[in-house]
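Atoms within a ligand are numbered from 1 in the order they appear, just like the ligands themselves. The model shown is predicted, which means the values in this text are computed figures rather than measured ones.
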Amino acid sequence: MKILVFEKEEHLDAYVGEYICHFIRNHSQPVIGFATGSTPLGVYCYFIDNYQAQKVSFRQVKAFNLDEYVGLTPSHPRSFASAMKNELFSHIDILPENINALDGSKEDMIQECQRYESLIDANPIDIQILGIGMDGHIAYNEPGSPLDGACHVVDLHQESIESSLDYGFDHIEDVPTQGVTQGIGTIMKAKQLIMMAKGEKKADLVKRMIYGEVTSDFPSSIIQRHPNVIVCLDRSAASQLKEEDYEKR
Ligand code: GLP
């Protein structure tokens, strides 16, 4: 596992942004996994700026979103599909038919999960961007999720429901109580993971993710078992790590 700690947030965003742009320029059919949440937003701005400056094109990129709320249509303003569209996809030249996501409004969610898992198997993800939730979740794999799980529906934990207030919901009662997510097993099939974390509030979580036991009680700990991971942190998120374990940037 490579751990990089950046002095400035914009350097972290530019590093991850340029790493992925470089990959996209050098591959004919890149498959990128995108995460919602606030952490990757600076990377998405980097993509938009570079697209506008004609330094990168997303026409050949296939995109896979990580997770979604159950009960919201993709066009619902609070869906993760809408968030990805608003924050990134509507500002770049990605083709709409290349944007893939779980649809949390389907009547048969088991079938929807199988559809998505098969689609990912047919289009293996080259680089998956990840963030860490306040209870240690990745995507919407809450504590207790099987480490080899496929796409599935989950009951959201209270902490995740409360965190959703940061994503535009006005009242806690409006937040869906279930999510649908790539499983930990699905995520582990990606060829490379880029885990990002920023801020003091993530410091203890990052420590446990990197040094703690690999356990379904703390789903992000699974990244220790992935053969190709880059963890990109700002100084605050890295404050509980030993200096000898990371590279300073
Ligand atoms: C949500 C998403 C995750 C994301 C996490 C972290 O729970 N389902 O995919 O990684 O939030 O969010 P933030 O980056 O805002 O801390």
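What sits closest to atom 2 (C) of ligand 1 on the protein, heavy atoms only, is D67 OD2, 3.7 Å. Summary of contacts: the protein heavy atom closest to atom 14 (O) of ligand 1 is T39 OG1, 2.4 Å. At the top of the distance list for atom 11 (O) of ligand 1, counting protein heavy atoms only, stands Y167 OH, 2.8 Å. For atom 4 (C) of ligand 1, the closest non-hydrogen atom on the protein side is T36 O, 3.8 Å.
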Problem - Chi angles and distances behind the side-chain hydrogen bond (donor to acceptor under 3.5 Å, both in side chains) call for T186, E117 - result: CA-CA 7 Å; T186 324; E117 190 75 31; 3.0 Å; yes
Exercise for the section: Would you check, one step at a time, whether the test salt bridge (charged side-chain N to carboxylate O under 4.0 Å, His left out) holds for K189 with D121? Expected result: CA-CA 9 Å; K189 287 191 274 193; D121 283 338; 2.7 Å; yes
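If you look at A35 next to ligand 1, there are no close heavy atoms at all, none under 4.0 Å. Residue-level proximity to ligand 1 for H137 is carried by the side chain, the only part with a heavy atom below 4.0 angstrom.
For the pair G104 and E68, the tightest heavy-atom approach, listed with the atom from each and the gap, is N-CG, 4.0 Å. The two residues R59 and N98 have their closest heavy-atom pair at O-ND2, 3.7 Å. Between V206 and L233, the shortest heavy-atom contact is CG1-CD1, 3.8 Å.
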Could you tabulate the donor-acceptor pairs under 3.5 Å formed by side-chain atoms of residues 30-47, not counting sequence neighbours?
| from | atom 1 | to | atom 2 | distance (Å) |
| --- | --- | --- | --- | --- |
| Y44 | OH | A35 | N | 3.1 |
| Y44 | OH | A35 | O | 2.6 |
| Y46 | OH | E18 | OE1 | 2.6 |

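The distance criterion of under 3.5 Å between nitrogen or oxygen atoms is met by K202 with respect to ligand 1.
Less than 4.0 angstrom separates some heavy atom of F80 from each of these atoms of ligand 1: 8 (N). Within ligand 1, the atoms closer than 4.0 Å to a non-hydrogen atom of G131 are 10 (O), numbered from 1 in the order shown. Here is the list of ligand 1 atoms found below 4.0 Å of a heavy atom in I132: 6 (C), 10 (O).
Using bins of under 30°, 30° to 60° and over 60° for the plane-to-plane angle, the ring pair F169/Y69 lands in the perpendicular bin.
With a 6.0 Å radius and a threshold of 12 heavy atoms from other residues, nucleotides or ligands, L95 has its CG atom above the threshold.
Of all the listed residues (A139, G199, S38), A139 holds the heavy atom that lies closest to atom 3 (C) of ligand 1.
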